[in-house]
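Below you'll find the structure, written out as structure tokens, and then a few comments.
The shown structure was predicted, so the numbers you read here are calculated from the model rather than taken from an experiment.
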Amino acid sequence: VMERSMGWIGQHGEVSGEQVWRADVAPTVAACIRAVLGNPDSWIDGVTEVMRLGGDVDTTGAIVGAVLGARFGVEGIPRAAVRDVVAEMA
């Protein structure tokens, strides 16, 4: 599976017309799907599983956390996790 992007927006808003091929998204997506489907009853178990795989844990944790968060709602996310995120944002 490859992702094809027709352009790129830089830090200062400039747009490059170069075509970019990215094959590194497939393992990320596969790991996230596995964690979501393998943990249908627990937000924390899904996020923990994908982060224990290592690699790009900020991306995979965010994806799985968002998908399972949408499934369970904020009530399904452990209060300590919410508190830690809010504290980091302050």
Side-chain angles (χ1 to χ4, degrees):
V1 175
M2 298 185 87
E3 175 186 311
R4 181 177 178 185
S5 174
M6 294 305 289
W8 176 80
I9 299 175
Q11 181 179 1
H12 303 289
E14 71 274 12
V15 177
S16 167
E18 298 176 21
Q19 293 185 357
V20 179
W21 291 90
R22 299 202 40 178
D24 59 331
V25 298
T28 298
V29 172
C32 292
I33 290 171
R34 178 180 174 193
V36 168
L37 295 179
N39 296 281
D41 301 318
S42 173
W43 183 91
I44 194 70
D45 290 347
V47 172
T48 300
E49 177 182 316
V50 78
M51 292 183 77
R52 284 185 176 160
L53 294 174
D56 191 10
V57 296
D58 58 329
T59 300
T60 56
I63 293 169
V64 172
V67 171
L68 291 177
R71 176 186 174 109
F72 299 120
V74 72
E75 301 82 19
I77 302 171
R79 288 187 182 269
V82 174
R83 184 182 60 242
D84 291 347
V85 169
V86 170
E88 284 291 322
M89 293 174 60

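Taking hydrophobic clusters as Ile, Leu, Val, Met, Phe, Trp and Tyr residues chained together by side-chain heavy-atom distances below 4.5 Å, F72 does not share a cluster with L37.
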Can I get a per-line list of side-chain donor-acceptor pairs under 3.5 Å for residues 81-90, giving both atom names and the distance, sequence neighbours left out?
none

Please output the side-chain donor-acceptor pairs of residues 50-66 that fall under 3.5 Å, not counting sequence neighbours, one pair per line with the distance.
{"residue": "D56", "atom": "OD1", "partner": "T59", "partner atom": "OG1", "Å": "3.2"}
{"residue": "D56", "atom": "OD2", "partner": "T59", "partner atom": "OG1", "Å": "2.9"}
{"residue": "T60", "atom": "OG1", "partner": "D56", "partner atom": "O", "Å": "3.3"}

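Every residue was checked against the side chain to side chain donor-acceptor pair (under 3.5 Å) condition with T48, not counting sequence neighbours, and none meets it.
With respect to L68, the side-chain contact (heavy atoms from CB on, under 4.5 Å) criterion is satisfied by exactly one of D45, D41, I44, V36: V36.
Taking CH2 of W43 as the start and CD1 of I77 as the end, the distance is 5.5 Å to the nearest 0.5 Å.
Considering all non-hydrogen atoms of both residues, A35 and G46 come closest at CB-O, 3.6 Å.
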